[in-house]
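Just below is one structure, and these are the notes that go with it.
Hydrogens, waters and symmetry mates play no part in the numbers below; they use all other heavy atoms, side chains included. Every chain is numbered from 1 and lettered A, B, ... according to where its sequence line falls, protein lines coming before strand lines.
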Amino acid sequence: MEGVELGVDHDGVDAGIWGKSNHLPRPYPLLWHLIDTAAVAGALWDRYLAPNQRRVIAEGLATDDSHAKSLIMFWAGLHDVGKATPGFQKKDGSAFDALRSAGSYEDVVGDGSLRHDTAGQLALPGLLAPLGYPQLVRRVSDRLAYRVAQIVGGHHGRFQQTSGPHGGQLQLGKGGWSKQRAALVRVVHEAVGSPKRPSAIGAAASVLVTGVVILADWLASQEHFLRQQSSRVPQYTGTEAASTHLAALSAPAAALLDDAGLGSPSFRAVRFDDLFPHRPNALQRSIIEELLPVVDSPGLLVVTAATGDGKTEAALVAAKRLAEVCGAHGFFFALPTMATSDEMYRRVRAFAARLAAGPAPVTLLHSMSWLNAEYEARAVVDPGGAAEVVSDDPSGDVVAPEWLRGPKRGLLAPMAVGTVDQALLAVLTTKHNALRLLGLSGKVFVVDEAHAYDDFTTSLLCHLLNWLGAYGCPVVLLSATLPSSQAATLVGAYEEGAGVGPTNTSVPYPGWTFVPAIQGRATVSISPTMREALVSGRTVEFTLDVRPVRHLVGSERDPADRRAVVRQVLAPVAEQGGCAAVVCNTVSDAQQTYRVVRDWASEGVDVVLLHSRFPARRREEITTQITSRLGKEGNRPKSMIVVATQVLEQSLDLDFDLLVTDLVPMAQLLQRAGRCHRHHRTRPPWAAQPRVVVLDPRGPDGVEHVRPAAWGDVYARYLLRATHLRLMGVDTIAVPRAVQGHVEAVYVPQEIHNDPVLSAEHNECRAQAMAERGTAELGVIPEPVGLADLVALSQTETPEWRASTRLGAESERVLCCYHDPDGMQWLDPQGRIPLPQRGSGPDGRFRSEEVRAILQETIPLRADILTGYDPPAALPASWGNNAWLKRIRPLWLPILPTGPGPATWARRSVHLDPELGLVVATAGAE
DNA sequence: AATAAAAAAAAA
């Protein structure tokens, strides 16, 4: 034993070893940061983790609840032990000098290249040896010491691999350093109650534990907390002082959680009518009467119905019950787009406000939530002292506190609404995926529009369901019709994770099925009676009008020319009034169709074009204009024609008297058809029956099915041909009764071998789907079952920003900028708004309103269109300092005496038209 | 031989 040094008390921890120093009046001792973090981890265990999470952890440690809690506090209290190294301590020069002058730290190796998380991971196995943690056992799962070391090494969000010889060992520091690390481990261990080592540490449990460690560290590292603690921590660093101090931390730790908004909201007992402004419909009644009374365990609920059938309310009611039954602290409501997330955020916030008894913060999660004005309206404290909320909410309890708005934190909130991508990042090999899994697995995971994803994203979703199944986390999937194969894949993934089944459950449409996550528990489905009530109550018969067309080739005089057919089917609108949509498959088809219709239509007909290739602000204006007239409470015009692309399939609650569409795969066709006669209202006599016109592209003989070259690979050949074949001979579609049959016929075909072309295309389509799933597998973390080394959650060459939750052509944000003959640069074609050279914030930084204003002018564009474009000027250098502005690509358009001109490169000529949007003309193309 | 819509990106 070395002599007792100044600052080192009899248990051997030196208070001069600092843990935090940035922005603090004096360095904060490492021991106290470790004890703080242990205390917060304990508070998280008691107050934040859901029962299923505690169970998974306790089972993974093969022990009981209270032992598991002590172990987690212990390990959390080790997370920064790698800071007791010369390399780290040198980072604060004066603290380092003070430390060395008072103690014996001769070894000053370390050039700062060894990060403290890695140092901790390297040092821990040896440090844990005296506590009986096995070191060199063959089976990886038994290498307890290495597992704990990896958890500690992963506390910055990435797991590391340090088995085998590692150069960093030399930089840990010998002598005093090594003694200090041992002393820290000893004091922390005793302070948390000297938990015995567990007999196992399961991998899936370790991931959650890592999440707890990361979260505890974040909470305990807040500057205001450290400042406050600075004056409170004991003078001595012995075991006794540490134990006393840890006990005293229970109130401050709980306060940290409360202030951050982490907790379990309590729900009031309310009836359906108290939550929503109407009585339950057939679907909702069936959930309330047939499902809620029998649910007593986590599981997967699949609800299928058409959009507008009240799935959201049904899901919220079911999620509330599942949360109560499972002890989950809330839910995450996942949606396919940012726009639908914004909309759902408002609804969920209202729901939460009515339901919550106390704080129940709701967060909004997507990349642009910071420019959602409603979400950004914070609670403000007025000078009088009473908290006031800037919003129309009945209660301020649903406003997310500041902490939850920080990066990567929103998913930890009790209630969250956002894009599904935010959840899918949990199963990609991205930084902090353990934290995302922690946030998700404590709640009910609700996925809206589960049919809306391609094979790539669905594959990621399956992967996530597998993990959530393993965590015993309840899930609700909402969907329109799903091909039975796809439904089976989703259900199967969850069952596999949960270790039940496979039950090969088939999902009824419309209706619901609940698959419990407990072996032996029976599946529950909507009763035949209720299902019949649901079907007959909402049956609509669509007249299907398939028109052979020649797709934009040849003469307009040809009666089968697409343009001529469009005019013909729209004639009643022009002559007698009414509202119709023409949904096209490509932007340029939509632009051309719009020109044809606009030039042909009479004065009184309002013709509008909508697609994605408008500046964001303009697209919003057009969307608002359309929904304000054709939405549920819309001020309906006498006659209106909307020409659009697939944007019309997405979420917009519009109602047309007549729907005209290009041929698309069956699922999308039915989705589009849903925009026809959506609400109950009086219609022009000619449109008394709902009618869908399908423009079916044909070859020169007017019979043979062809896929127009201009459609590229937007839709698979097989899906178009199979849909085309299915539609022949069909003249009505009864919704919802006949929907599943039509979908199955196309997506799960029984007899295609008779048709060699179809069967070849089917193979091609399946190969494509398989390739997409294969691509998805590349970026995904392994399944929890059989996961041996945690490093597999992080091991990847792909940097964080490359992680992708959607497959498809790269896309850029393009800003049309104008330059006049004098070389002046403008944001608008009139030359009134100069291109902002700097922001109005400190150091010329851009304020968020300014960033928002610029982003509002950008247009999403497939990246390959820009290939060969060499911008004549760069955007202002100051834009490079802003994360959003620096990614914008300029498109320079000349201001000519005649008005704004096009930009040209390669074979392209591109200009921005106020009515048509961005027009991309390609020379040589027909 | 050509192409929809959709998302993402700061922590201790």
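- In this structure, A:R907 places its CZ atom 10 Å from C1' of B:dA1, rounding to the nearest Å.
- Here A:S367 reaches the OP1 or OP2 of B:dA8: one of its side-chain N or O atoms lies under 4.0 Å away.
- The side chain of A:T645 places an N or O atom within less than 4.0 Å of a non-bridging phosphate oxygen (OP1 or OP2) of B:dA5.
- A distance-only check finds a donor-acceptor pair linking the side chain of A:Q160 to the backbone of A:G153 [under 3.5 Å].
- Backbone-only engagement by A:V587 is indicated by non-hydrogen atom pairs under 4.0 Å involving sugar-phosphate atoms exclusively.
- A:H155 comes within 4.0 angstrom of no nucleic acid atom, judged by non-hydrogen atoms across all strands.
- For B:dA12, the OP1/OP2 oxygens have a side-chain nitrogen or oxygen of A:H432 closer than 4.0 Å.
- Looking at heavy-atom distances under 4.0 Å, A:D421 makes contact with sugar-phosphate atoms alone, never a base.
- Note on A:R619: every side-chain N or O is 4.0 Å or more away from OP1 and OP2 of B:dA5.
- Where A:A883 and A:Q646 meet DNA chain B, the nucleotide closest to each residue was compared, and A:Q646 sits on the side nearer the 5' end.
- No donor-acceptor pair closer than 3.5 Å links the side chain of A:D448 to the backbone N or O of A:L478.
- Between A:T419 and the phosphate of B:dA7, there is no side-chain N or O to OP1/OP2 separation shorter than 4.0 Å.
- As a whole-Å value, the separation of A:W18 CH2 from B:dA12 P is 15 Å.
- Across the protein-nucleic acid pair, A:L460 atom CG and B:dA6 atom P stand 19 Å apart, rounded to whole Å.
- With sequence neighbours excluded, the residues satisfying side-chain hydrogen bond (donor to acceptor under 3.5 Å, both in side chains) with A:H79 are A:H33, A:D217.
- Distance A:D217 CG to B:dA12 C1': 6 Å, rounded to the nearest Å.
- Contacts of A:L807 with the nucleic acid, taken as non-hydrogen atoms under 4.0 Å apart, include base atoms.
- No engagement by A:A452 is indicated, since no non-hydrogen atom pair under 4.0 Å with the nucleic acid exists.
- Backbone-only contact: A:N585 has heavy atoms under 4.0 Å from sugar-phosphate atoms and none from a base.
- When each of B:dT3, B:dA9, B:dA11 is scored by its nearest atom to the side-chain atoms of A:K431, the top-ranked nucleotide is B:dA11.
- Taking every side-chain heavy atom of A:R887 into account, B:dA9 is the closest of B:dT3, B:dA5, B:dA9.
- Contact annotation for A:M368: no contact, since no heavy-atom pair falls under 4.0 Å across all strands.
- A side chain to side chain donor-acceptor pair (under 3.5 Å) with A:H155 is found for one member of A:T210, A:D80, A:T37, A:D117 and no other, namely A:D80.
- In terms of modelled atom types and a separation under 3.5 Å, the side chain of A:R887 and the main chain of A:A883 share a donor-acceptor contact.
- For the pair A:R862 CZ and B:dT3 P, the computed distance is 5 Å after rounding to whole Å.
- Within the nucleic acid shown, A:W711 comes within 4.0 Å of sugar-phosphate atoms alone, with no base atom in reach, counting heavy atoms only.
- A salt bridge links A:E223 with A:R227: the closest approach of a Lys/Arg side-chain nitrogen to an acidic carboxylate oxygen falls below 4.0 angstrom.
- Proximity of A:S811 to the phosphate of B:dA7: no side-chain N or O atom is located under 4.0 Å from OP1 or OP2.
- Counting to the nearest Å, the P atom of B:dA6 and the CE atom of A:M338 are 9 Å from each other.
- Whole-Å rounding puts the A:E810 CD to B:dT3 P distance at 18 Å.
- Between the CD1 atom of A:I859 and the C1' atom of B:dA6 there is a distance of 17 Å, given to the nearest Å.
- Residue-to-nucleotide proximity on DNA chain B shows that, of A:T805 and A:V714, the 5′-proximal contact is made by A:V714.
- Within 4.0 Å of A:Q422, counting heavy atoms only, lie sugar-phosphate atoms of the nucleic acid but no base atom.
- Taking the ring-ring contact (aromatic ring centres under 6.0 Å, His included) definition, one finds that A:W403 meets it with nothing, sequence neighbours left out.
- At least one side-chain nitrogen or oxygen of A:R613 sits closer than 4.0 Å to the OP1 or OP2 atom of B:dA4.
- Distances shown here put every side-chain N or O of A:R806 at or beyond 4.0 Å from the OP1 or OP2 atom of B:dA5.
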